[in-house]
Amino acid sequence: MKNFKRISTIVATVALTALVGCAATSTTEGTGGYIDDSVITSKTKAAIFNDPSLKSTEINVETFKGKVQLSGFVNSQADINRAVEVTRGVAGVTSVKNDMRLK
């Protein structure tokens with residue numbers, strides 16, 4: 001019985017440590033948030049790639065807690081505006097930060 005208590009305590013400690021290790025803070029994401037942001041990034045890249053007027057290889061996409069940051073170099077202000085518009089249309093995007101620059 002004493003061994004059972006000890007094992008139960010160890011299992012509970014490991015489980016608690018695992019939960020705390022995966023918890024989100026204001027500067028980091030939890031595991032679920034990271035996966036959600038990865039999906040948003042993938043969907044955004046696909047949407048930009050599928051837009052015939054944009055050169056997707058020149059636009060970088062990063063996502064943190066639903067906020068998407070676009071960066072890279074593009075040919076025109078129209079390309080910047082279109083990339084931002086396409087990104088806003090992606091499900092899960094809460095805001096778009098534009099760090100794209102003209103060539």
Side-chain angles (χ1 to χ4, degrees):
M1 191 64 144
K2 194 172 187 179
N3 252 353
F4 180 73
K5 267 187 164 180
R6 185 173 291 158
I7 291 171
S8 296
T9 302
I10 291 171
V11 169
T13 303
V14 169
L16 182 60
T17 303
L19 284 173
V20 171
C22 294
T25 66
S26 62
T27 57
T28 62
E29 289 183 296
T31 305
Y34 177 79
I35 292 169
D36 291 346
D37 284 343
S38 295
V39 170
I40 292 170
T41 298
S42 296
K43 286 182 178 180
T44 302
K45 287 180 179 181
I48 290 171
F49 178 79
N50 291 327
D51 191 294
S53 66
L54 296 172
K55 291 185 179 179
S56 62
T57 58
E58 298 177 356
I59 300 173
N60 301 311
V61 180
E62 293 183 33
T63 308
F64 183 72
K65 295 187 176 184
K67 299 173 185 170
V68 176
Q69 178 179 347
L70 301 175
S71 61
F73 294 93
V74 294
N75 292 323
S76 67
Q77 184 63 45
D79 287 347
I80 291 173
N81 296 342
R82 182 65 186 149
V84 169
E85 180 183 338
V86 166
T87 302
R88 285 190 177 133
V90 174
V93 173
T94 58
S95 68
V96 179
K97 181 178 181 186
N98 171 26
D99 281 335
M100 290 179 286
R101 303 284 181 245
L102 297 174
K103 288 183 183 178

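Since the structure is predicted, the reported quantities are computational estimates derived from the model, not experimental observations.
- If you check the side chains of Thr41 and Thr63, you find a donor sitting under 3.5 Å from an acceptor.
- Sorted pairs that involve residues 68-77 and meet salt bridge (charged side-chain N to carboxylate O under 4.0 Å, His left out), not counting sequence neighbours, are lacking altogether.
- Remark: Glu58 engages Lys103 in a salt bridge (charged side-chain N to carboxylate O under 4.0 Å, His left out) (not counting sequence neighbours).
- Residue pairs meeting the salt bridge (charged side-chain N to carboxylate O under 4.0 Å, His left out) criterion with at least one member in residues 81-90, sequence neighbours excluded, are Asp51-Arg82, Arg82-Glu85.
- Pairs engaging residues 91-101 under the side chain to side chain donor-acceptor pair (under 3.5 Å) rule: Gln69-Asp99 [sequence neighbours left out].
- Grouping Ile, Leu, Val, Met, Phe, Trp and Tyr residues whose side-chain heavy atoms lie under 4.5 Å apart, directly or via other members, places Ile40 in a hydrophobic cluster with Ile48, Leu54, Ile59, Val61, Val68, Leu70, Val74, Ile80, Val84, Val86, Val90, Val93, Val96, Met100, Leu102.
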